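Chain naming here is simple, since letters A, B, ... match the order of the sequence lines and numbering starts at 1 in each. Just so you know, these numbers come straight off a predicted model, no measurement behind them. Values below: all heavy atoms of this structure, side chains included; hydrogens, waters and symmetry mates excluded.
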There are 2 protein chains.
Amino acid sequence: MRLIDLSLSASDEDRGAFLSELCESLEIDHACYALQDPFSGNVHGYATYPEEWKQLYGQRAYQHVDPTFTKAVRSVAPVDWSRFTSDSGFDTVFSAARDFGISSQGLSVPVRGPFGDIGLLTVTRDCGEREWQGLRRKIIGGLQSAAVNFHDSVMRSNTIAGLMRVPPLSSRECEILQWIAAGKSQQDVGDILSISPRTVEVHLRSAREKLGALTTPQAVGRAVRLALISPG
Amino acid sequence: MRLIDLSLSASDEDRGAFLSELCESLEIDHACYALQDPFSGNVHGYATYPEEWKQLYGQRAYQHVDPTFTKAVRSVAPVDWSRFTSDSGFDTVFSAARDFGISSQGLSVPVRGPFGDIGLLTVTRDCGEREWQGLRRKIIGGLQSAAVNFHDSVMRSNTIAGLMRVPPLSSRECEILQWIAAGKSQQDVGDILSISPRTVEVHLRSAREKLGALTTPQAVGRAVRLALISPG
DNA sequence: CGATCCATTGGGGAAATCCCGTAGGGATCA
DNA sequence: TGATCCCTACGGGATTTCCCCAATGGATCG
């Protein structure tokens with residue numbers, strides 16, 4: 001069981017190669033990493049799957065029904081796909097996946113970052129159930145480490161940083177947004193900070209603009225998601 | 001941000017025992033788990049540290065300066081404490097910790113859940129630097145797994161569930177709150193869902209009440225944090 | 001030393017939200 | 001079969017937010 005240090009190299013090609021090496025060293029068929037960024041909600045990913053399967057997956061928008069994605073992003077611990085055998089979406093996706101030689105036996109490892117970013121490292125292996133149990137136990141620690149390092153590497157990279165850039169709110173804007181998120185009115189915030197409610201409104205407006213929000217509720221939602229503030 | 005010793009509650013004795021077993025099986029001196037809940041900001045924890053050290057830590061509110069806590073909760077990957085050698089807070093805390101036989105050589109493993117909950121599993125070991133490097137490499141996978149499972153267990157437990165309970169919004173309330181968080185006005189939402197804007201307002205009101213929010217922005221913030229909705 | 005950004009305050013008016021009610025139909029459950 | 005909750009809808013009025021405008025002092029930066 002070998003682990004490659006990603007902190008040394010961090011380009012996109014290296015990441016694809018890393019997944020391939022992960023498959024070899026951990027004796028698995030396929031590995032896939034998906035990142036759901038909290039700002040756009042888009043999903044970016046790398047996978048060792050056949051190109052045709054990747055395209056089909058995207059065309060049919062399977063990420064909306066695939067429980068190895070939708071359920072796993074809600075989990076804390078790694079999720080074995082055996083949990084999804086009674087899931088209709090699972091059947092839909094993996095009856096199609098079987099045509100591409102992709103097993104319905106796998107594991108999804110979620111990783112969360114401080115900005116609401118969620119990474120998902122999934123691996124599959126076609127083998128007997130008993131063998132799978134043993135393999136899973138053997139590699140789960142390494143998979144956890146690999147998932148965390150991979151996600152960390154992706155989040156530090158420039159390509160993703162551009163997509164998930166956190167708007168630089170001024171300290172005052174942050175402060176006021178924080179109070180608004182705590183359920184205070186603009187008038188209240190003015191009293192709390194000993195400034196005019198007009199000033200509060202101005203800061204709130206510029207915060208909305210910087211966050212690309214049309215309304216204050218939307219701005220609060222985005223700021224919470226981006227970990228700029230925490231709701232009271 | 002208060003410190004709460006969870007091991008005092010009788011129902012959680014097995015968790016303290018788990019940490020002790022972790023120490024033995026992974027050949028480490030001490031293990032500590034801390035949970036920062038996103039609502040109160042309070043810190044709940046278990047530790048194998050001497051009782052006197054736990055008390056002193058709480059009395060002096062070290063959780064505000066201790067970089068093994070403050071820095072690690074911002075990290076994705078596990079953090080080796082060697083990174084903190086030039087940190088003033090680190091010196092403050094660990095010059096005091098040394099009196100209790102606690103090494104300044106350790107590792108902090110952060111874990112995040114879908115509700116903004118952050119768990120931190122930290123371990124220490126007093127030994128030579130080379131030996132530490134080897135040990136760390138050997139146990140880091142197991143530590144990751146242990147941290148995730150421990151955090152998952154804590155979050156599922158009743159003691160914490162009471163503190164972080166998720167209010168059951170109706171599907172309609174969720175739907176409307178989702179649109180509001182996407183920057184739509186009540187009028188817009190009424191048009192989108194083909195219902196009266198008055199009805200939208202009613203749902204929004206009951207959503208606020210269920211979330212214990214005084215204003216709509218606060219309700220959106222909380223709903224986002226609770227992963228009931230995702231901001232547009 | 002200008003340029004730029006930030007924090008601050010203000011007015012006027014349009015728009016939206018919020019709070020106080022009421023009320024019927026449908027689903028679920030003890 | 002009542003009880004309870006959800007979804008739907010409406011009104012009036014008070015409150016709040018939002019958007020247009022303009023202005024001053026301070027800090028920072030090239």
Side-chain angles (χ1 to χ4, degrees), chain A residues 161-162 165-232, chain B residues 161-162 165-232:
Chain A
R165 117 172 198 291
V166 178
L169 294 191
S170 76
S171 62
R172 204 58 162 175
E173 287 156 355
C174 238
E175 193 178 11
I176 284 171
L177 206 57
Q178 174 72 65
W179 281 113
I180 295 296
K184 304 298 180 185
S185 69
Q186 295 178 7
Q187 179 69 53
D188 292 338
V189 178
D191 294 341
I192 291 168
L193 300 179
S194 300
I195 59 177
S196 158
R198 298 314 193 101
T199 306
V200 174
E201 193 213 323
V202 172
H203 289 308
L204 207 46
R205 191 186 318 168
S206 68
R208 278 198 304 269
E209 285 167 2
K210 286 178 181 176
L211 288 165
L214 297 169
T215 64
T216 296
Q218 187 179 23
V220 169
R222 289 190 170 179
V224 168
R225 181 54 98 78
L226 293 170
L228 292 171
I229 62 175
S230 57
Chain B
R165 97 170 217 292
V166 178
L169 292 192
S170 77
S171 63
R172 203 56 160 176
E173 287 157 354
C174 237
E175 192 178 12
I176 284 171
L177 205 58
Q178 175 70 65
W179 281 113
I180 295 296
K184 305 297 181 185
S185 70
Q186 295 179 9
Q187 179 70 54
D188 292 339
V189 178
D191 294 343
I192 292 169
L193 300 179
S194 300
I195 59 177
S196 157
R198 297 311 193 109
T199 306
V200 173
E201 195 214 321
V202 173
H203 288 307
L204 208 46
R205 192 187 315 168
S206 68
R208 277 198 305 269
E209 285 167 3
K210 287 179 181 174
L211 289 166
L214 297 168
T215 64
T216 297
Q218 186 180 24
V220 169
R222 290 190 169 179
V224 167
R225 182 54 95 85
L226 293 169
L228 294 171
I229 61 174
S230 57

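When only modelled atom types and interatomic distance are considered, A:Thr216 and A:Arg208 share a side-chain donor-acceptor pair under 3.5 Å.
Look at B:Lys210 and you won't find any side-chain N or O under 4.0 angstrom from OP1 or OP2 of D:dC5. Contact check, A:Arg208 against D:dC18: a side-chain N or O comes under 4.0 Å of OP1 or OP2.
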Next on the checklist: Let's go through A:Arg172 and A:Leu193 carefully: what are the C-alpha distance in whole Å and the side-chain angles of both, what is the deciding distance for side chain to side chain contact (heavy atoms under 4.5 Å, CB included) to 0.1 Å, and is it a yes or a no?
Outcome noted: CA-CA 10 Å; A:Arg172 204 58 162 175; A:Leu193 300 179; 4.1 Å; yes

Next on the checklist: Could you go through A:His203 and A:Val200, starting from their C-alpha distance and side-chain angles, then the distance that decides it, and tell me whether this counts as side chain to side chain contact (heavy atoms under 4.5 Å, CB included)?
Outcome noted: CA-CA 5 Å; A:His203 289 308; A:Val200 174; 5.9 Å; no

Item to check | Working for side chain to side chain contact (heavy atoms under 4.5 Å, CB included), residues B:Ile192 and B:Lys184 | outcome: CA-CA 10 Å; B:Ile192 292 169; B:Lys184 305 297 181 185; 4.1 Å; yes

Checklist entry - So A:Leu211 and A:Leu226, side chain to side chain contact (heavy atoms under 4.5 Å, CB included) or not? Walk me through it. => result CA-CA 10 Å; A:Leu211 288 165; A:Leu226 293 170; 4.3 Å; yes

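Note: CD (B:Glu175) to C1' (D:dC7) measures 12 Å, nearest angstrom. Taking atom CD1 on B:Ile176 and atom P on D:dC6, their separation rounds to 13 Å, with Å as the unit. Atom P of nucleotide C:dT17 and atom CD of B:Gln187 are separated by 8 Å, given to the nearest angstrom.
Residues of residues 188-205 of chain A having a heavy atom closer than 4.0 Å to DNA chain D, listed by number: A:Glu201, A:Arg205. Contacts between residues 179-186 of chain B and DNA chain C, defined by a heavy-atom separation below 4.0 Å, involve B:Ser185, B:Gln186, listed by number.
Looking at heavy-atom distances under 4.0 Å, A:Ser206 makes no contact with the nucleic acid at all. No engagement by B:Thr215 is indicated, since no non-hydrogen atom pair under 4.0 Å with the nucleic acid exists.
Considering only heavy atoms from C-beta on, A:Leu177 comes within 4.5 Å of A:Leu204 through its side chain.
The heavy-atom pair separating B:Ser230 from B:Gln178 by the smallest distance is O-NE2, 2.5 Å.
Taking the charged nitrogens against the carboxylate oxygens, B:Arg205 and B:Glu209 have no contact shorter than 4.0 Å, which rules out a salt bridge.
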